[in-house]
Amino acid sequence: MTDTTTETTATTEPETTAAVPPQQEPKPYVPEALGATRIALLLAEHTGEPVAPEDIAELVAQEHLKAVDHYKGWPMYSTAAARELDTDLVRSVVGERVAWEAASLPRDAAADRIGWHWSDLVRMGEEGRITTGRGGRYLITDLDTMAAEADGEQYLTAQAAATDVLEIRASDWKYVEAAGWIRPAHVYEKEVGRHRTVTVSLFRLGDVRALLELPGVDWETVRGLPKGKPSPLREYAKLAPARADVVRGFAQRLADRHNVTVWAWNSPYSGCWELDWERVEDLPTEATVRQELADDPEAGSYASEITLCPAWGEITREARALLEPGRAVILDTETTDLYGRTIEIAVIDAATGKKLMDTLVSPGDAEISDGARWVHGITDEMVADKRPFEKILPRLRKVTKGRTILAYNAEFDRTVVLGDIARAGKKPMHLEPWSSWHCLMQMYSDWLGSYRWMRLGGGHRAAGDCEAARQVLIQVSKGMGTAFAPRPPAPGDPVPGPPPGTALAQPAGPGA
């Protein structure tokens, strides 16, 4: 049987395609607040103006923007508020900045334009003779005017003074200074590397030019000298007034007269001599020495060039006091990490250097960091079987009791020691008060007149660093420059009489 299939032909309607809007690119995410640099980029894109971070600072100064948050100390500004700023306002701020930059120069470029040293611009600014504008820049017209009006007041290095003005060998300049013809107008410290500075002397151009008018100096002969030939300027240096000899002679007489040690230093910073001395029951006083200096027939003429009682003198006397027997100890620690747990501690007598304590310490469950181990070389295995801090604490208390505790970085060592005492559940007693501690690094920095971190240069083991710190203390105790000790009287010297006004004892009469 055959099935008959009836096919039905369906009429298919054409499909209607709905209009689908094109997929839009998602807007890039912009944080709610950004720093000045990124806000400047945002505004530049938004306004089409070359906005810089300096413009953001100006908008903030005009109170069109304000900080809404801070990140690592840097202000953050609202991105929404930045986008709402009037374009004409932003364009005006940017235009003013661009115009100012076209009419001004930054410090170093300003100094190069007029051939001055950068410190001249700083000095002239401090004196109110030139104005530092926006961004620490200088108006070009002001620079040119000042260069013409103040010609001769700019400072030169010794190299420039010799080769550019006098046209002599740089090596001959030392004879010019030694002859007493010129003195530095300014001295500053220049950083060389990370941990070293050199002293740079600057000389006033007008003073250097005046040297060319000195009578009797044949500058043409000096200029024509070949390399290695002795300079005729040496003879002038030999004939110069020996200010140094006069000051040293006064220092020795002062030491002999009062039976104290006197220190005399010719400071490269001021070009003056600086004097200080021991005090025995606070004598002699500054007023006494000042009067003696004024009355001295030789040194009196240099009184204005001699500074009495500089800052380093008091520090020197303090160091000498700390080196007295029984007065102080020096402590050093090595730790698991920066401000970590103690793994080595040493204490030595400041006066003698005698070792009072030197031991490794177990830090308990704390591990020694890779950075700390790289510095001091102490490993976890070296301290694994050592006594914990609470066991060495009694000895530490004993050797430091009644003494000033000196440390090269007292803030660090005190914090470490007190932290270990707290973890041990013990009382810090005399180890806690700041009055028990004294920082040798701060003392050394103040003595040098430096504001830099002064490296100890020890071997990064506790006992070795203690001794290195002691050598710093000894160096400070020696004072600056030359020390003049009282000379013992020579045979035949007159015996000094009693001070004026002292009553002499009368011989006893009969029957006394």
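Because only heavy atoms are used, hydrogens play no part in the values below, and waters and symmetry mates are left out as well, while side chains stay in.
Under the side chain to side chain donor-acceptor pair (under 3.5 Å) criterion, E432 pairs with no residue at all, not counting sequence neighbours. In this view, F412 and Y339 satisfy the ring pair (Phe, Tyr, Trp, His ring centres under 6.0 Å) rule, not counting sequence neighbours. Applying the salt bridge (Lys or Arg N to Asp or Glu O under 4.0 Å) test to R423 and every residue at least two apart in sequence or in another chain returns D420. Under the rule for a side chain to side chain donor-acceptor pair (under 3.5 Å), the partners of H117 that lie at least two apart in sequence or sit in another chain are S119. In this view, F203 and W173 satisfy the ring pair (Phe, Tyr, Trp, His ring centres under 6.0 Å) rule, not counting sequence neighbours. Checked against side chain to side chain donor-acceptor pair (under 3.5 Å), E367 has no partners two or more places apart in sequence or in another chain. With sequence neighbours excluded, no residue forms a side chain to side chain donor-acceptor pair (under 3.5 Å) with W263. By the side-chain contact (heavy atoms from CB on, under 4.5 Å) test, P433 pairs with S435, S436, sequence neighbours left out.
Cation-pi geometry between R341 and F389 is not met at under 6.0 angstrom from the ring centre and within 45 degrees of the axis.
Screening residues 325-334 for side-chain hydrogen bond (donor to acceptor under 3.5 Å, both in side chains), with sequence neighbours left out, gives T333-D413. The salt bridge (charged side-chain N to carboxylate O under 4.0 Å, His left out) contacts involving residues 270-295 comprise R257-E292, D276-R279, D276-R317, E278-R320, E286-R290, where partners must be two or more places apart or lie in separate chains. Residue pairs that meet the salt bridge (charged side-chain N to carboxylate O under 4.0 Å, His left out) test with at least one member in residues 389-407, sequence neighbours left out, are D349-R403.
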Would you tabulate the side-chain donor-acceptor contacts of residues 473-480 under 3.5 Å, counting partners in other chains and residues two or more places apart, or write 'none'?
{"unit_1": "S477", "atom_1": "OG", "unit_2": "I474", "atom_2": "O", "d": "2.6"}

